[in-house]
Amino acid sequence: MLNIAIDGPAGAGKSTVAKMLAKNLNIVYLDTGAMYRGVAYYVIQKGVDPASESAVIPLLDGIQMDILYENGMQKVMICGDNVTPFIREHNISMAASTVSKIPAVRIKLVELQREIAAKTPCVLDGRDIGSYVLPDAPYKFYMTATPEERAKRRHLELMQKGVNISYQAVLDDITARDYQDSNRAFAPLKATEDAIIIDTTDLTPEQTAEQIMKKVCS
Ligand code: DC
């Protein structure tokens with residue numbers, strides 16, 4: 001199965017590049033971060049603290065998550081509701097990172113990710129795709145960039161969306177998420193030995209996508 005794993009920290013450009021690859025190769029793009037964001041959104045809606053494992057676990061059975069595609073765009077559905085428009089809010093980013101530390105949350109979402117990847121050629125981006133979700137994926141990439149460059153990109157993206165937030169607040173958020181995602185006990189963010197590491201600090205998304213396309217098509 002053509003599964004391309006792209007891991008890396010927040011703001012490395014994974015989703016932009018993954019979308020380009022999916023389009024070029026005419027395969028599906030599975031944004032696994034959106035799945036953790038969906039759970040975080042649901043948990044917050046229920047008035048539960050995403051950091052409280054004992055409060056989050058009882059909610060999990062009630063989360064019927066489906067991943068749908070409409071005009072090539074991924075939609076995260078929870079119990080039939082499309083939560084996609086709400087999961088990009090700034091406060092959801094940290095909550096997703098926090099809820100993703102809970103092993104039961106990861107086990108539930110990884111099961112769905114493996115199911116999709118087994119039957120669909122796709123490019124998946126996340127933190128643990130090459131290391132845990134699909135350790136036998138034929139192509140593994142790890143995209144990174146300096147925290148300052150990643151914060152600059154994310155800040156610009158938020159400003160374009162009309163979100164009024166300082167560069168420093170975005171940098172602080174990215175640094176805290178890097179730490180939390182890399183230091184959790186279960187399936188942390190890491191580059192596997194067989195992953196090709198791409199530092200995108202001085203690369204455009206097109207240049208990064210081209211590097212990956214060369215490997216995949218060689
Ligand atoms: O890729 P993203 O920024 O949308 O992801 C949001 C959070 O979800 C991220 O900080 C950590 C978590 N996540 C994860 O633990 N494993 C994944 N495969 C994808 C995301």
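In each ligand, atom 1 is the first atom listed, and ligand 1 is the first ligand listed.
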Would you be so kind as to tabulate the donor-acceptor pairs closer than 3.5 Å made by side chains of residues 10-18, with sequence neighbours excluded?
{"from": "K14", "atom 1": "NZ", "to": "G8", "atom 2": "O", "distance (Å)": "3.0"}
{"from": "K14", "atom 1": "NZ", "to": "P9", "atom 2": "O", "distance (Å)": "2.9"}

Problem set entry | salt bridge (Lys or Arg N to Asp or Glu O under 4.0 Å) against R114, all qualifying residues, sequence neighbours excluded |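 Testing R114 for salt bridge (Lys or Arg N to Asp or Glu O under 4.0 Å), a comparison that skips the adjacent residues, returns none.
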Problem set entry | Ion pair check, E157 and R153, cut-off under 4.0 Å |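 Not counted as a salt bridge, because no side-chain N and carboxylate O are separated by less than 4.0 Å.
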Exercise. Does N82 reach the side chain of V76, with side-chain heavy atoms less than 4.5 Å apart?
Worked result: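 They are not in side-chain contact.
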For this session: At a heavy-atom distance under 4.0 Å, which protein residues reach ligand 1? Sort them by chain and number, would you?
Result: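 Contacting ligand 1 under 4.0 Å are T32, G33, Y36, R37, R88, A96, S97, S100, R106, G126, R127, D128, R177, D181, R184.
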Please table the atom pairs, donor to acceptor, closer than 3.5 Å between any side-chain atom in residues 41-49 and protein atoms at least two apart or in another chain.
{"from": "D49", "atom 1": "OD1", "to": "A51", "atom 2": "N", "distance (Å)": "2.9"}

Exercise. Do S97 and Q180 have a side chain donor and acceptor closer than 3.5 Å?
Worked result: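 A pair is found: one side chain offers a donor N or O, the other an acceptor, under 3.5 Å apart.
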